[in-house]
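Data block below; observations after.
Labels below follow one simple rule: chain letters A, B, ... track the order of the sequence lines, proteins then strands, and each chain is numbered from 1.
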2 protein chains.
Amino acid sequence: MSKRDQPTHLDEFDRKILAILQRDNMTPQRTIGDAVNLSAPAVQRRIKRMREEGVIRADVSVVEPEALGQSITIFVEVEVISETAEQIERAKSEFAAAAEIQQCYYVTGEADFILVVIVPSMAHYEALTRRLFFGNNNVKRFRTFVAMDRVKVGLGVPVG
Amino acid sequence: MSKRDQPTHLDEFDRKILAILQRDNMTPQRTIGDAVNLSAPAVQRRIKRMREEGVIRADVSVVEPEALGQSITIFVEVEVISETAEQIERAKSEFAAAAEIQQCYYVTGEADFILVVIVPSMAHYEALTRRLFFGNNNVKRFRTFVAMDRVKVGLGVPVG
DNA sequence: TGCTCCGATGAAACAAACTTGCAAATAAAC
DNA sequence: GTTTATTTGCAAGTTTGTTTCATCGGAGCA
């Protein structure tokens with residue numbers, strides 16, 4: 001089912017293609033081909049393969065939050081009380097389901113979850129904390145960090 | 001040249017288009033048009049306008065880090081000593097320039113910066129801390145959170 | 001009401017990009 | 001050295017993106 005089990009082997013061509021696509025996935029295959037010394041069909045076939053393998057997980061437009069009135073970015077460290085597998089799974093799906101939570105990671109260290117939250121106002125954030133944290137009796141405590149500047153934002157992965 | 005100064009006004013059509021593009025920007029304009037009840041050219045013009053306005057900031061492929069051997073995601077809270085404008089700017093550009101730092105935010109609260117780091121191994125992370133934190137005498141302390149599960153990852157913004 | 005102006009729209013023509021079929025080149029295994 | 005499997009490039013065919021242009025509809029105004 002998941003092709004990620006077998007250690008996917010990417011050659012230099014694949015990596016160069018990925019580097020380009022991570023910057024701009026609307027680049028014509030012809031242009032990519034010129035950049036990596038390959039024909040357009042060859043590039044196309046490699047991209048298709050990497051999509052099927054799950055190397056390329058998605059192709060998306062990156063939208064400026066402020067343009068949509070979602071001007072506040074907040075980090076939240078969440079610490080839970082009980083860390084049973086069941087409780088953790090429940091928390092994961094709860095966080096994943098919230099539209100305001102852009103990113104959610106289960107982490108080691110002094111916190112259990114780290115969330116990236118995007119909201120239109122602090123009032124909305126306050127409502128979210130009531131719903132998600134105060135309304136969840138497995139949340140021990142949470143710490144809030146409001147972003148003043150989104151210095152660097154992206155999902156780019158170094159191609160090595 | 002930044003058009004973001006004027007409060008960009010997005011109508012219902014724009015928002016629906018953005019919702020689709022944030023999920024899959026390879027969706028044909030025709031398909032989008034059918035979904036929002038607009039012709040393909042109308043969709044095309046709106047997308048072009050939103051790109052020019054900066055509402056759509058980029059179009060990218062999302063790559064699975066593990067496929068590139070970058071299997072470790074780490075959050076770092078950085079606290080600095082001196083928070084003068086000059087020092088902060090210096091830190092910002094330093095963090096932004098590091099390829100391993102996928103995301104960087106300047107925040108309020110108990111920390112000053114929050115970083116999302118992607119590395120192939122803990123050894124690489126250790127080297128990065130030496131270079132970026134121990135090698136910077138304005139860094140008071142930093143706290144590390146290693147991601148065990150990337151529960152939800154993306155840059156999607158709620159369309160309201 | 002009737003008029004003009006302005007911006008956005010859809011149909012069609014056009015251009016560009018993607019996709020497929022196929023023969024040739026490459027490389028690895030035998 | 002032959003064979004096999006894979007990957008490539010070219011060219012044709014198909015889909016998608018883009019431009020043109022006539023029209024529609026609303027805002028402002030006499």
Side-chain angles (χ1 to χ4, degrees), chain A residues 1-64 67-69 159-160, chain B residues 1-64 67-69 155-156 159-160:
Chain A
M1 191 107 45
S2 171
K3 314 269 180 42
R4 235 176 308 113
D5 302 335
Q6 44 203 356
T8 309
H9 167 59
L10 302 176
D11 62 18
E12 233 13 73
F13 286 126
D14 292 327
R15 290 174 185 272
K16 283 182 187 168
I17 293 171
L18 286 179
I20 294 171
L21 293 181
Q22 284 192 100
R23 203 156 30 82
D24 179 9
N25 74 350
M26 309 279 269
T27 310
Q29 295 169 353
R30 166 72 188 283
T31 307
I32 300 175
D34 289 346
V36 305
N37 277 318
L38 230 46
S39 69
V43 171
Q44 130 81 8
R45 282 184 284 252
R46 281 166 181 272
I47 294 177
K48 183 186 177 196
R49 173 178 55 77
M50 290 193 284
R51 275 196 235 284
E52 290 168 351
E53 289 173 347
V55 174
I56 298 175
R57 180 175 281 280
D59 290 271
V60 302
S61 292
V62 180
V63 174
E64 180 66 40
L68 283 167
V159 292
Chain B
M1 268 304 144
S2 173
K3 316 269 180 37
R4 232 176 311 111
D5 303 334
Q6 48 206 11
T8 309
H9 164 58
L10 302 176
D11 62 18
E12 230 17 69
F13 287 125
D14 292 327
R15 290 173 183 273
K16 284 182 187 169
I17 292 171
L18 287 179
I20 293 171
L21 292 182
Q22 284 192 99
R23 204 154 29 85
D24 179 10
N25 75 349
M26 308 279 267
T27 310
Q29 296 170 354
R30 273 197 203 70
T31 307
I32 299 175
D34 290 346
V36 304
N37 277 319
L38 229 49
S39 70
V43 171
Q44 131 82 5
R45 283 183 286 254
R46 283 167 180 271
I47 293 176
K48 183 185 177 197
R49 173 178 54 78
M50 290 192 284
R51 275 197 236 281
E52 291 169 350
E53 289 173 347
V55 174
I56 297 175
R57 180 174 281 280
D59 290 272
V60 302
S61 291
V62 180
V63 173
E64 180 66 39
L68 284 167
L155 294 177
V159 293

Could you list the residues that satisfy salt bridge (Lys or Arg N to Asp or Glu O under 4.0 Å) with Asp34(A), not counting sequence neighbours?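 For Asp34(A) the salt bridge (Lys or Arg N to Asp or Glu O under 4.0 Å) partners, ignoring immediate neighbours, are Arg30(A).
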Measure the distance from [atom1] on [X] to [atom2] on [N] and round it to the nearest whole Å.
X: Leu21(B); N: dG17(D); atom1: CG; atom2: C1'; answer: 14 Å
X: His9(A); N: dT7(D); atom1: NE2; atom2: C1'; answer: 13 Å
X: Met26(A); N: dA16(C); atom1: CE; atom2: P; answer: 17 Å
X: Asp59(B); N: dA17(C); atom1: CG; atom2: C1'; answer: 16 Å
X: Ile32(A); N: dG9(D); atom1: CD1; atom2: C1'; answer: 17 Å
X: Gln29(B); N: dT19(D); atom1: CD; atom2: P; answer: 11 Å
X: Ile17(A); N: dT7(D); atom1: CD1; atom2: P; answer: 13 Å
X: Lys48(A); N: dG21(C); atom1: NZ; atom2: C1'; answer: 13 Å

With a 4.5 Å limit on heavy-atom distance, are the side chains of [X] and [Y] in contact?
X: Thr31(A); Y: Ile20(A); answer: no
X: Leu18(A); Y: Ile56(A); answer: yes
X: Asp11(A); Y: Arg46(A); answer: yes
X: Leu155(B); Y: Val60(B); answer: no
X: Asp59(B); Y: Leu21(B); answer: no
X: Val63(A); Y: Leu68(A); answer: yes
X: Met26(A); Y: Asn25(B); answer: yes

With the sugar-phosphate defined as primed atoms, P, OP1 and OP2, and the base as all remaining atoms, what B/S/- string results for nucleotides 9-14 of chain C, 5' to 3', for protein heavy atoms under 4.0 Å? BBBB--
Taking only side-chain nitrogens and oxygens of Arg30(B), does any of them come within less than 4.0 Å of OP1 or OP2 of dT16(D)?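 Checking Arg30(B) against dT16(D): at least one side-chain N or O falls below 4.0 Å of OP1 or OP2.
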Does Gln44(A) make a side-chain N or O approach to OP1 or OP2 of dC18(C) shorter than 4.0 Å?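 Result: no.
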Only one of Arg51(A), Lys48(A), Arg49(A), Arg45(A) clears salt bridge (charged side-chain N to carboxylate O under 4.0 Å, His left out) with Asp14(A); which?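 Filter result, single survivor: Arg49(A).
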Bend angle of the helix from dT1(C)-dA30(D) to dC30(C)-dG1(D), end axes from five pairs each (to 10°):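 The two end axes of the helix from dT1(C)-dA30(D) to dC30(C)-dG1(D) meet at 30°.
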